[in-house]
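Just so it is clear, the structure is predicted and the values come from calculations on it, not from any experiment. Chain letters run A, B, ... following the sequence lines, proteins first and then strands; every chain starts at 1.
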Amino acid sequence: MSKIEKLRGFKDYYPEDMQKREQIFSIMRETARNFGFLPIDYPSIELLEIYKIKSGDELLKQTYNFRDKSNREVTLIPEATPSTMRMLVARKDLIKPVKWYNIPKLWRYEEPQSGRNREHYQFNVDYFGETGVEVDVEVIALACETLDRLGLKNMYTVRINDRNLMEKILTKIGSQNIPSSISVIDHFRKESVESIKEKLAREGINGENLEKFIEFLSRSYPLSDIDEAFDKIGLELLNDRDYKEMRSELQSIYDKGYENVVYDPSTVRGLSYYTGIVFEGFDNEGKFRSIFGGGRYDRLSSLFEGQETPAVGFGMGDAVLENLLREKGLWQVENTEVSYFVIGMGKEGKKRAGNILYDLRRMKKTASMENSDRNISNSLKHASSMNFSHAIIVGEKELKENSITVKNLNSGEQKMLSLNNLSEL
RNA sequence: GCCGGGUUGGGGUAGGGGAUAUCCUUGGGGACUGUGGAUCCCCGGACCCGGGUUCAAUUCCCGGACCCGGCCCCA
């Protein structure tokens with residue numbers, strides 16, 4: 001075993017996996033572009049300070065931070081939002097709305113576990129400067145469309161909720177501490193009902209209110225069941241503005257063809273800065289952590305010394321996505337690319353093969369050539385195991401006739417082609 | 001930071017206080033100097049690290065590293 005070891009929690013990517021990753025990333029980029037989002041990028045290291053603005057010590061403990069040679073406290077970026085915010089508030093001339101995406105590498109210093117490494121990529125999308133149902137919908141729909149294009153249609157469910165609505169419910173049923181109650185609800189699926197009840201009781205939620213609320217939390221609601229659920233909990237919220245907005249968002253997402261979306265009161269997201277809609281995507285079987293998550297955070301920009309700018313966005317990590325795609329048998333790359341392996345025989349043959357190789361490349365064809373002294377049998381074996389779609393053979397016969405032999409390695413068919421007609425390939 | 005389970009060639013494994021460490025696969029080569037995937041043959045390649053016990057440790061004990069999973073946290 002080598003003494004040069006990989007760092008804990010990091011992963012290598014060999015071509016067989018890297019090709020799939022690149023394919024996934026191009027689907028993400030293309031989908032974002034189709035939705036009118038533009039690419040940005042930012043450094044992988046930031047001053048530790050910018051994470052202190054919106055987060056507590058807990059996050060700082062989990063960053064890859066260090067002092068640089070000028071003794072500045074810096075960190076490998078643990079999340080995308082602060083850098084994006086920094087860029088947004090630094091430019092006052094940007095035309096609104098600002099629609100940005102990117103796929104940064106992020107780092108977190110914590111114990112590796114399933115779907116979580118110390119380094120990962122996150123597809124990050126943000127929409128700044130506008131509010132309203134259709135804005136939220138656009139962001140959620142982009143997440144859905146991306147997953148659909150990855151082949152996951154009907155294999156995931158988006159759970160949405162609204163922070164404002166949740167706060168109204170909590171107030172009405174007697175919560176004395178909204179943020180603290182939110183964080184109890186955030187653990188709803190992880191802890192026993194008894195433990196949740198006990199904690200909510202401590203927040204001031206008791207009696208019939210508590211029973212009804214627990215029942216309300218216990219399931220999620222497709223479009224058809226929401227009114228009934230809100231009627232049943234009896235808080236007279238059916239005509240509430242936030243309720244109606246949440247409801248029409250659900251309706252709109254559904255109408256756009258993304259039907260696996262439900263209202264889920266237990267989806268609240270742990271983070272304190274969300275101000276409106278929050279959402280998370282899960283695989284239908286509930287085997288993995290969330291595939292993506294996000295929400296509206298209209299007040300965050302003001303913490304970065306900018307004006308208050310409406311914002312909604314999501315992050316989609318590569319690790320859970322990879323787990324899910326592997327489980328669904330969607331991790332293979334179907335190699336449909338046409339590629340050539342040029343085999344020259346003898347000194348003259350090799351020389352000619354070399355020239356053809358570069359002609360092919362200038363024609364934007366993918367091509368390599370045999371540079372070992374193998375016999376033709378082994379060369380073909382090699383070309384085949386390297387997944388070339390075609391072999392081009394240049395031997396004595398071809399040299400004489402100024403031609404090449406093109407062999408399709410999948411079908412076995414082969415034909416002669418004059419050098420003058422190389423463009424017919 | 002905490003808890004559980006692991007670690008034998010590149011991958012998957014067998015074994016076991018003393019032996020040339022098993023088998024499959026991958027990789028390289030050949031049979032096959034102008035036609036691949038089959039078959040056969042040959043070759044290369046491993047006991048995670050450190051300490052302890054012992055005449056002797058890859059095997060037993062302790063510690064560490066790493067891997068898998070869980071907790072905390074989740075941006």
message: Check this one for me: any side-chain N or O of A:N378 less than 4.0 Å away from OP1 or OP2 of B:G30?
response: yes
task: Could you give me the CA-CA distance, side-chain angles and deciding distance for A:E111 and A:R8, then say whether side chain to side chain contact (heavy atoms under 4.5 Å, CB included) is met?
output: CA-CA 9 Å; A:E111 291 310 300; A:R8 178 169 172 75; 2.6 Å; yes
Pull out every protein N or O sitting under 3.5 Å from an N or O of nucleotides 37-45 of chain B, one pair per line with the distance.
| unit_1 | atom_1 | unit_2 | atom_2 | d |
| --- | --- | --- | --- | --- |
| B:G37 | N1 | A:L409 | O | 3.1 |

message: Taking the six-membered ring for Trp, are A:F123 and A:F314 closer than 6.0 Å centroid to centroid?
response: yes
query: Partners of A:D298 by side chain to side chain donor-acceptor pair (under 3.5 Å), sequence neighbours excluded?
result: A:R296
query: What about A:F35 and A:Y101, are their ring centers closer than 6.0 Å?
result: no
- line: Under a 4.0 Å heavy-atom criterion, the protein footprint on nucleotides 69-74 of chain B, written with B, S and -, is SBBBBB
- request: Provide the distance between the two P atoms, one in B:A14 and one in B:G6, to the nearest whole Å.
  value: 14 Å
query: Base, sugar-phosphate, or nothing: which does A:G9 touch, judged by heavy atoms less than 4.0 Å apart?
result: sugar-phosphate
task: Sorted by first residue and then second, give each ring-ring contact (aromatic ring centres under 6.0 Å, His included) pair with at least one member in residues 330-369 of chain A; sequence neighbours left out.
output: A:Y340-A:H390, A:F341-A:H382, A:F341-A:F388
task: Establish, with yes or no, whether the OP1 or OP2 oxygen of B:C32 is under 4.0 angstrom from a side-chain nitrogen or oxygen of A:N375.
output: no
- request: Using heavy atoms and a sub-4.0 Å distance, could you list which residues of residues 392-399 of chain A are near RNA chain B? By number, please.
  value: A:I393, A:G395, A:E396, A:K397, A:E398
task: Assess A:R21 against A:Y13: is NZ or CZ under 6.0 Å from the centre of the six-membered ring, and within 45 degrees of the ring's axis?
output: yes
Would you tabulate the side-chain donor-acceptor contacts of residues 141-158 of chain A under 3.5 Å, counting partners in other chains and residues two or more places apart, or write 'none'?
| unit_1 | atom_1 | unit_2 | atom_2 | d |
| --- | --- | --- | --- | --- |
| A:E145 | OE1 | A:Y258 | OH | 2.7 |
| A:E145 | OE2 | A:R149 | NE | 2.8 |
| A:T146 | OG1 | A:L142 | O | 2.7 |
| A:D148 | OD1 | A:Y156 | OH | 2.8 |
| A:D148 | OD2 | A:K153 | NZ | 3.3 |
| A:R149 | NH1 | A:T31 | OG1 | 3.3 |
| A:R149 | NH1 | A:N34 | OD1 | 2.8 |
| A:R149 | NH2 | A:N34 | OD1 | 3.0 |
| A:N154 | OD1 | A:N260 | ND2 | 3.2 |
| A:Y156 | OH | A:C144 | O | 3.2 |
| A:T157 | OG1 | A:N284 | OD1 | 2.5 |

